[in-house]
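Throughout, protein chains are lettered first and strands after them, A, B, ... in sequence-line order, and every chain is numbered starting at 1.
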Amino acid sequence: DGGITQSPKYLFRKEGQNVTLSCEQNLNHDAMYWYRQDPGQGLRLIYYSQIVNDFQKGDIAEGYSVSREKKESFPLTVTSAQKNPTAFYLCASQGPPAGTSGTYNEQFFGPGTRLTVL
Amino acid sequence: DAKTTQPTSMDCAEGRAANLPCNHSTISGNEYVYWYRQIHSQGPQYIIHGLKNNETNEMASLIITEDRKSSTLILPHATLRDTAVYYCIVRVRLSGGSYIPTFGRGTSLIVHP
């Protein structure tokens with residue numbers, strides 16, 4: 001089964017600790033994204049990567065870091081510099097849907113990680 | 001970059017059609033309109049997209065006005081499982097030529113029995 005996975009589903013951390021959220025995809029997509037969602041809000045872009053070994057800051061990158069050493073993986077680290085890290089984090093990849101001719105791309109989202117900082 | 005405006009919330013009776021409007025008056029000629037939905041505490045799911053023609057798939061229909069400044073997502077026979085937040089987005093074009101979608105607050109659709 002092709003898809004995008006995130007782990008863990010729930011994560012609790014103490015204030016001041018760095019934490020890394022996992023995101024893996026086996027869809028062979030070049031582009032991957034991290035979003036943050038707060039209650040009742042839309043998705044805000046943290047970082048995105050259009051290709052391996054390259055990534056760009058999104059709208060709210062401060063306090064976060066990423067790496068893209070492999071096509072399949074795009075981990076997000078929430079650092080102690082992030083002032084309000086408690087949120088729902090969503091990872092996505094973008095590419096043509098399976099079985100299509102590649103004339104359009106859509107985003108495929110993982111199930112999300114809910115991070116709570118105590 | 002085009003932005004979208006959607007009502008904050010709507011409700012619909014089960015079995016009836018749900019019509020979700022979206023305004024995108026600053027859309028440019030080569031920008032597609034995409035619709036996603038997000039069921040509580042899950043990742044958003046793609047529904048449908050279009051450029052200027054009306055589109056239909058197994059999930060929904062998309063009606064785009066002739067001037068492309070607005071669109072309507074139609075769920076023809078809403079069920080309780082269609083209760084979700086629906087996002088209308090126009091993809092933001094990056095300098096490299098690829099796109100990223102930007103998600104606003106969307107419309108919270110509640111389907112009631």
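The same ILVMFWY cluster, assembled from side-chain heavy atoms under 4.5 Å apart, contains both A:Tyr47 and A:Ile60. In the hydrophobic cluster analysis, where Ile, Leu, Val, Met, Phe, Trp and Tyr join through side-chain heavy atoms closer than 4.5 angstrom, B:Leu51 is grouped together with B:Ile89. Following chains of ILVMFWY side-chain contacts shorter than 4.5 Å, one cannot reach B:Leu20 starting from B:Ile63, and the two form parts of different hydrophobic clusters. Hydrophobic cluster membership is shared by B:Leu80 and B:Tyr86, with clusters built from Ile, Leu, Val, Met, Phe, Trp and Tyr side chains linked at under 4.5 angstrom. The hydrophobic clustering, which links ILVMFWY residues whose side-chain heavy atoms are closer than 4.5 Å, places B:Tyr32 and B:Ile74 apart.
The distance between the ring centers of B:Tyr36 and A:Phe108 does not fall below 6.0 angstrom.
Taking both residues in full, the closest heavy atoms of A:Gln37 and B:Tyr87 are given as NE2-OH, 3.1 Å, listed atom of the first, atom of the second, then distance. Of all heavy-atom pairs spanning B:Gln42 and A:Phe88, the tightest one is O-CE2, 3.9 Å. Nearest heavy atom pair, residue B:Gly43 against residue A:Leu90, reads CA-CD2, 3.5 Å.
Crowding of B:His112 atom NE2: a count of heavy atoms from other residues, nucleotides or ligands under 6.0 Å exceeding 12.
Put simply, of B:Gly106, B:Gly104, B:Ser41, the one with the most heavy-atom pairs under 4.5 Å next to chain A is B:Ser41.
The structure places CD of A:Gln107 at 13.5 Å from CD of B:Gln45, a figure rounded to the nearest 0.5 Å.
Using a 4.5 Å heavy-atom threshold, the side chains of A:Gln41 and B:Arg105 count as touching.
Heavy atoms of A:Arg114 lying under 4.5 Å from chain B belong exclusively to its side chain.
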